[in-house]
Amino acid sequence: MDKEQMQNFIARRVAQELKDGDLVNLGIGLPTKVSNFVPEGISVTFQSENGFTGLGPNPQTPDPYLVNAGGLPATILPQGAFFDSAMSFSIIRGGHLDMTVLGALQVDEKGNIANYMIPGKMVPGMGGAMDLVAGAKTVIVAMEHTNKGAHKILKECHLPLTASHAVDLIITEMGVMKITKAGIELTEINPEYTLEDVQAATEAQLIVSDHLKVMKID
């Protein structure tokens with residue numbers, strides 16, 4: 001898979017976690033692709049932290065006056081609504097989000113997440129990530145499994161944390177992993193990889209589920 005195929009694969013699998021009636025925030029980058037793959041027959045409302053609900057699929061014809069939280073062109077569905085940052089963060093901090101989907105620089109076996117800065121590099125700031133992981137009922141990390149071969153799923157994060165003990169699920173091109181009290185449980189595996197491949201790409205010791213499934217993307 002090239003990079004775009006890989007990201008679409010991950011986004012499709014994340015979309016299978018959506019449930020009818022959910023209010024969901026999508027982080028910048030790969031997570032925004034999830035809105036392209038909402039399963040038929042369910043209705044999900046996407047919230048964009050820069051101030052609207054009703055985020056639609058990525059636009060074919062960008063409107064320069066409508067962008068998502070990452071500053072990229074976005075669409076809004078007919079039932080969508082615009083509001084200010086105070087309302088947007090009231091939704092997030094008030095615990096009204098059923099799910100947030102974020103990228104990450106690192107995740108560890110305790111569910112800690114680092115996704116906003118690398119010391120010594122210029123970054124625009126944390127954005128709403130700290131609020132999202134604290135306020136959403138379910139936190140999913142959607143990311144490529146490694147950074148050009150370097151481990152991103154670790155025993156312990158060493159970059160500055162966005163939040164501790166916050167992640168529920170990790171979805172990559174190699175598999176689906178659940179954070180448990182005992183560690184990271186591999187529940188689904190991409191059949192293009194072996195268990196040895198996945199473990200070699202993961203610093204943390206994986207717990208292989210007794211009910212390990214094959215990742216299926218419709």
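The basis for the numbers below is simple: all heavy atoms, side chains too, and nothing from hydrogens, waters or symmetry mates.
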Interatomic spacing from [atom1] in [X] to [atom2] in [Y] - rounded to 0.5 Å:
| X | Y | atom1 | atom2 | answer |
| --- | --- | --- | --- | --- |
| Met174 | Thr202 | CE | OG1 | 7.0 Å |
| Phe83 | Phe89 | CZ | CZ | 10.5 Å |
| Gln7 | Glu173 | CD | CD | 10.0 Å |

Identify the two heavy atoms, one from [X] and one from [Y], that lie closest to each other, and give their separation to 0.1 Å.
| X | Y | answer |
| --- | --- | --- |
| Ile10 | Met143 | CD1-O, 3.4 Å |
| Arg13 | Glu188 | NH2-OE2, 2.8 Å |
| Lys19 | Val44 | O-CG2, 3.7 Å |
| Ala142 | Val101 | CB-CG1, 3.8 Å |
| Ala69 | Ile28 | C-CG2, 3.8 Å |
| Lys137 | Gly95 | NZ-O, 3.0 Å |

Could you list the donor-acceptor pairs under 3.5 angstrom formed by side chains in residues 206-214, with sequence neighbours left out?
unit_1 : atom_1 : unit_2 : atom_2 : d
Ser209 : OG     : Glu185 : OE2    : 3.4
Ser209 : OG     : His211 : N      : 2.9

Any donor-acceptor N/O pair, [X] side chain to [Y] backbone, under 3.5 Å:
| X | Y | answer |
| --- | --- | --- |
| Gln106 | Leu159 | yes |
| Ser90 | Ala86 | yes |
| Ser48 | Gly51 | no |
| Thr162 | Asn115 | yes |
| His151 | Ala200 | yes |
| Thr75 | Pro59 | no |
| Asn112 | His165 | yes |
| Thr100 | Val133 | no |
| Asn190 | Gly175 | no |

Residues which pass side-chain hydrogen bond (donor to acceptor under 3.5 Å, both in side chains) with [X], listed by chain and number, not counting sequence neighbours:
| X | answer |
| --- | --- |
| Asp98 | none |
| Lys148 | none |
| Glu156 | none |
| Thr172 | His145 |

Handout entry: Other residues, nucleotides, ligands: >12 heavy atoms within 6.0 Å of Leu66 CG
Key =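 More than 12 heavy atoms, drawn from other residues, nucleotides or ligands, come within 6.0 Å of this atom.
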Exercise for the section: May I ask you to check whether over 12 heavy atoms, not counting those of Gln79, lie within 6.0 Å of atom CD? Expected result: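 Correct, the count exceeds 12.
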Using the rule that two of Ile, Leu, Val, Met, Phe, Trp, Tyr join whenever any of their side-chain heavy atoms come within less than 4.5 Å, decide whether [X] and [Y] are in one cluster.
| X | Y | result |
| --- | --- | --- |
| Met177 | Met215 | no |
| Met1 | Leu30 | yes |
| Ile189 | Phe9 | no |
| Ile92 | Met87 | yes |
| Val139 | Met99 | no |

Would you say [X] and [Y] make side-chain contact, with heavy atoms under 4.5 Å?
| X | Y | value |
| --- | --- | --- |
| Leu169 | Thr138 | no |
| Phe37 | Asn8 | yes |
| Ser164 | Lys110 | no |
| Leu186 | Leu195 | yes |

Practice task
Could you name each residue pair satisfying side-chain hydrogen bond (donor to acceptor under 3.5 Å, both in side chains) that touches residues 51-71, not counting sequence neighbours?
Solution key: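 Listed by first then second residue: nothing to list.
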Practice task
Let me see the working for Glu17 and Ile171 under side-chain contact (heavy atoms from CB on, under 4.5 Å), right down to the final yes or no.
Solution key: CA-CA 10 Å; Glu17 297 295 317; Ile171 298 178; 4.2 Å; yes
Problem - Note: Lys152-Glu144 ion pair, threshold 4.0 Å (strictly below) - result: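 Salt bridge absent between Lys152 and Glu144.
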